[in-house]
Amino acid sequence: MIIERMNKFTQELSHWNEYNYVVVNDDLNVCYEKISDIIKSEKKGLSFKQNLEEIKKKIKELIK
């Protein structure tokens, strides 16, 4: 079961750039705030800006 989930995780991770937003859940409070900010921006009709370099770096860490 764990191996299946990790394989699915790796597969999903390889498509991260196809998503509108990527939120890494390293810290629940930080994650909550980012999701809240995204929702607030979307409600205003604005795109929430994410740091793509930071996301790429984190993904590389997770794939290793």
Exercise. Roughly how far apart are K60 NZ and L13 CG, rounded to 0.5 Å?
Worked result: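 K60 NZ to L13 CG: 12.5 Å, rounded to 0.5 Å.
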For this session: To the nearest 0.5 Å, tell me how far W16 CH2 sits from L52 CG.
Result: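 The CG atom of L52 is 5.5 Å from CH2 of W16, to the nearest 0.5 Å.
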Taking all non-hydrogen atoms of both residues into account, name the closest pair between [X] and [Y] and its distance.
X: Q11; Y: H15; answer: O-CD2, 3.0 Å
X: Q50; Y: V22; answer: NE2-O, 2.5 Å
X: V24; Y: C31; answer: O-CB, 4.2 Å

Problem set entry | K8/E4 salt bridge by N-O under 4.0 Å criterion |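 Result for this pair is no, no salt bridge flagged.
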Problem set entry | salt_bridge(E54, K57) N-O dist < 4.0 Å |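 Result for this pair is no, no salt bridge flagged.
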Exercise. Applying the 4.5 Å side-chain criterion to the ILVMFWY set and letting contacts propagate, would F9 and I55 be lumped into a single cluster?
Worked result: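 Yes; I55 is reachable from F9 via cluster members.
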Exercise. I39 and V23: same hydrophobic cluster, using ILVMFWY side-chain contacts below 4.5 Å?
Worked result: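 Looking at the clustering, V23 is in the same group as I39.
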For this session: Look at atom CG of L46 and say whether more than 12 heavy atoms of other residues, nucleotides or ligands are closer to it than 6.0 Å.
Result: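 Result for CG/L46: enclosed.
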Exercise. More than 12 non-hydrogen atoms from neighbouring residues, nucleotides or ligands closer than 6.0 Å to OH on Y21, yes or no?
Worked result: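 Yes, OH of Y21 has more than 12 neighbouring heavy atoms, counting only those of other groups under 6.0 Å.
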For this session: Could I get the full list of side chain to side chain donor-acceptor pair (under 3.5 Å) partners for D26, not counting sequence neighbours?
Result: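 Result, side chain to side chain donor-acceptor pair (under 3.5 Å) vs D26: K58.
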Problem set entry | Pairwise salt bridge (Lys or Arg N to Asp or Glu O under 4.0 Å) hits with a residue in residues 37-50, at least two apart |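 Qualifying pairs: none.
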